[in-house]
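Atoms within each ligand, like the ligands themselves, are counted from 1 in listed order.
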Amino acid sequence: MKMIKNPYRLLFALLLISVCLFSFRENAAPNLALQNLRCEMLVNPLGIDATQPRLSWEITADVRNVQQTAYHILVASSMEKLTANVGDLWDSGDVPSDASIQVSYKGKPLTSNTACFWKIKITTNKGISDWSKPAQWSMGLLNAADWKGKWIGLDKSFPWDSITTFSKLSSRYFRKEFNAKAAIKKATVHIVGLGLYELYINDNKIGTQVMAQSPTDYRKTIKYDTYDVTSQLKQGNNTIGTILGNGRFFTMRQNYKPLKINTFGYPKMLLQMDIEYTDGTKSSVVTDETWKVTADGPIRSNNEYDGEQYDANKELTNWALNGYNDATWLKPELVQAPEGKLQAQMNERIGVTDIVKPKTITKLTDNAYVMDMGQNMAGWLQMKVKGSKGQQVKLRFAETTKADGELYVANLRDAKVTDRYILKGGGQEVWHPTFVYHGFRYVEIVGYPGVPTVDDFEGQVVNDDLEVTGKFETSNDLVNKIYRNAYWGIRANYKGMPLDCPQRNERMPWLADHATGSYSESFVFDNAKLYSKWTDDIEDSQKSEGQLPDVAPAFWNYYSEDVTWPATYLIVADMLYNQYGDIKPIAKHYDSMKKWLWYMKGKYMTDYIVTKDKYGDWCVPPESPELIHSKDTLRSTDGHLIATAYYFRLLGLMDKFAKILNKPQDIKEYDALSANIKTAFNKQFYNTLTKQYANNSVTSNLLPLYFNMVPEADRKAVFKSIENKIVVENKQHISTGVIGTQWLMRSLTDNGRADIAYHLVSNTDYPSWGYMVNKGATTFWELWNGDTAAPQMNSQNHVMLLGDLLVWYYENLAGIKTEEGQAFHKLVMKPEPAEGLNFVNASYHSIHGMIKSSWKKDGKNFSWDISIPANTSAIIYVPAASQKDVSDVLTTGSADSDLKFLRMEAGRAAYQINSGSYSFKSHI
Ligand code: BGC
């Protein structure tokens, strides 16, 4: 043994030992931190109306295997109390639990306008954390009686308006001066502005949201927003100003197809400002007949399809400030309250989420230019312009151009997509519309004074302001470009509801466009609240006998009594449960889902076959380039097969929901019906000799296979039919439409042919996602042949052909997947090192925290870095020839509890791991 000669070394060694001892002592927390505290999955939300809101937090730690064993939540009515650790609203005490998401508040009943401050402390297997930083939420107005104001508006049009097909209605400006009699402690505004509003106090715009609030079926539900405006108010005189836009309330088409298009009346509003003074007194300012209103302001018309017209000469300078002369303004009408029930908006607001700098401007004629943004986007154009009073600039928008460089607008149908700006003159003017957006890549600029340059414009991207949760990159540039196109397409179609497209005279929340798509999208954006709101929209649209629509909110009155479009209701609720652990949509909508299924059964089920289908496998790749829908019967799939298979799948989901909600009687009913449907289905559609369903289209075989309807012994053979069809007949090309594409990539992979899936995504010829990229698409198309099809239905920015593609990217290529119903508390990580791919770098910010998976392949050498959040665990599958070929390079000295070998399985070594970071190397 070596002697320690140097006394300093001895001292250092002792110090080291004591540091080690100290850090291993019982209860020493390994840098545990609590982050991202959320209430109802929102960060510090104001004005919510969930009376038992659910709280979630993320745990980070710098060591492996940290598991929460208990939590302690404090909720206080003031920050002072919370700081003093007094949870006067709720002190949960130590609750033994590993739940760190969706924990329901169980404190004192919460009443209107209550402010709630909260924090959390946890106990783990590795020690106890400190208290988290504080977070907060506040309650909205919980009872109808809490609203003291009156609905105001102007139920009429003015000479410059036009209440026709191409409706034009100017914005209405409201103002109210009031006196705040003492020093202000707190001021809160609750507002409903239908269809859209902007709120100002003393000329300051309140909030960063635009185009508020989220559209709903106004006959059923009205959303209100809440703002803390304390810092905008002052003692003495103040002014509130609001502007109302039309949105989906006063719809884009008036007095036109009234049976199809629902419209709700002239814009109207309800506002309540509650003020608390430092002297303890309170007062409210509410909408009533003492307000003033004018429709003669600068926004001359605003129509989501046709554009906005703005006359800067009509600007109402200082209208939202004290002392403005409003003598010519009108007294508002006290209008009828809309039928819908008031509810807090608990999904994120729309915002300007990105800026796109234009690429080029090309001169068309003396007066006209075409500008290329370089990206198909949804939002608006901000323009800088200098000229003389009365000059007019016209901006028209399109997704593509014709060969001669002019805009191609045929695929926009009758949407006029034109903004007009009339200059006031005298200096630089900066403008963008307020209440309309466009889906565009190209802009025609007419009448711009002087020569416009790209520096005079910027594209402002307008969509729901959601956290971007996913990052995804591979060694294959095409795979990355497809991802990028999906990212732009998804965000473009989020407008407080998921839309089909952002550009033509449609922009409707068609149900099937976001079925499994919602699941794909959930990896890219935190879409939990948006989709939870959408399930409410769908229930709102249900008819009393049970019918569900094709479009919800039902702005178009389409009830085709189809199975596949309304199926989205259940598919989305399942997605929310799986990805976010949100059980509420299932619990809340269970009865309505069941009612719909029973309605369909009663009306359309004959001998256990559903005999009603409307859309088939919508938009399969057609046989000739100009077609929208294929006429080839071999390409389409039998509608009764689709409807019956879907019905069976939905019963499976109902069975799952009934288990979650503990409804044993229902489970029995679903199981019995499912068994009968399966038998009838196979009898009707399955050819036991050829092992093919119906006409042997990929979708015909795929649905029964993925939905577990195929006789067990024949699964391989049926899959073989799919393989043959894709590989041999279709020469490794996709042949599915909106229905089949939802299950395709996972099916191929689950059945051992990830290579075919990879081939489909690597194609650049027709039909493929890569074909779109190759043709210069920067978003997804509505049709596989979107470059050649007839214009009637040929959007360049639809996401319905996304299907399960991004689910496959994340779950299969990257190996980031939750165990069923676990919301990433438990994961299954099984990456696919597809032939031709050298690396994948992916991360996903799950509701439990950040998950990372990056793998690299170099010949036979495989390396994989993963990281899963504290309080989670995973079963991972390391691609490897044998267990001894696997090493965890960070493991040295780590405990068995971090990492446990389970078994070898189909070329992979399976381990159970607990939270933390790991770095594996193996030979494949
Ligand atoms: C929409 C689609 C929708 C379909 C159903 C189209 O016009 O844009 O996305 O799903 O109609 O009919």
Ligand 1 atoms in contact with [X] (distance to a heavy atom under 4.0 Å):
| X | result |
| --- | --- |
| D500 | 1 (C), 8 (O), 9 (O) |
| D513 | 2 (C), 3 (C), 9 (O), 10 (O) |
| M800 | 9 (O) |

key: Nearest non-hydrogen protein atom, atom 12 (O) of ligand 1   = Y615 CE2, 2.9 Å

note = For atom 7 (O) of ligand 1, the closest protein heavy atom turns out to be E506 OE2, 2.8 Å

query = Of the backbone atoms (N, CA, C, O) and the side-chain heavy atoms from C-beta on, which set of R504 has a member under 4.0 Å from an atom of ligand 1: side chain, backbone, both, or neither?
reply = side chain

query = Looking only at heavy atoms, is any part of H798 under 4.0 Å from ligand 1, and if so is it the side chain, the backbone, or both, or is it neither?
reply = side chain

query = So, does W565 sit close enough to ligand 1 that a heavy atom of it is under 4.0 Å from the ligand?
reply = yes

inquiry  = For E782, state whether at least one heavy atom is located under 4.0 Å from any atom of ligand 1.
reply    = yes

task = Determine the minimum heavy-atom distance between K402 and L407, stating which atoms define it.
result = CE-O, 3.5 Å

note = Of all heavy-atom pairs linking V620 and S630, the shortest is CG2-CB, 3.8 Å

[X] ring center near [Y] ring center (under 6.0 Å):
| X | Y | value |
| --- | --- | --- |
| Y487 | F525 | yes |
| Y569 | H589 | yes |
| F250 | F264 | no |

Partner set under ring-ring contact (aromatic ring centres under 6.0 Å, His included) for F685, not counting sequence neighbours = F681

Please list, one pair per line, the donor and acceptor atoms closer than 3.5 Å that link side chains of residues 646-654 to other protein atoms, with sequence neighbours excluded.
{"from": "Y646", "atom 1": "OH", "to": "W743", "atom 2": "NE1", "distance (Å)": "3.1"}
{"from": "Y647", "atom 1": "OH", "to": "L597", "atom 2": "O", "distance (Å)": "2.5"}

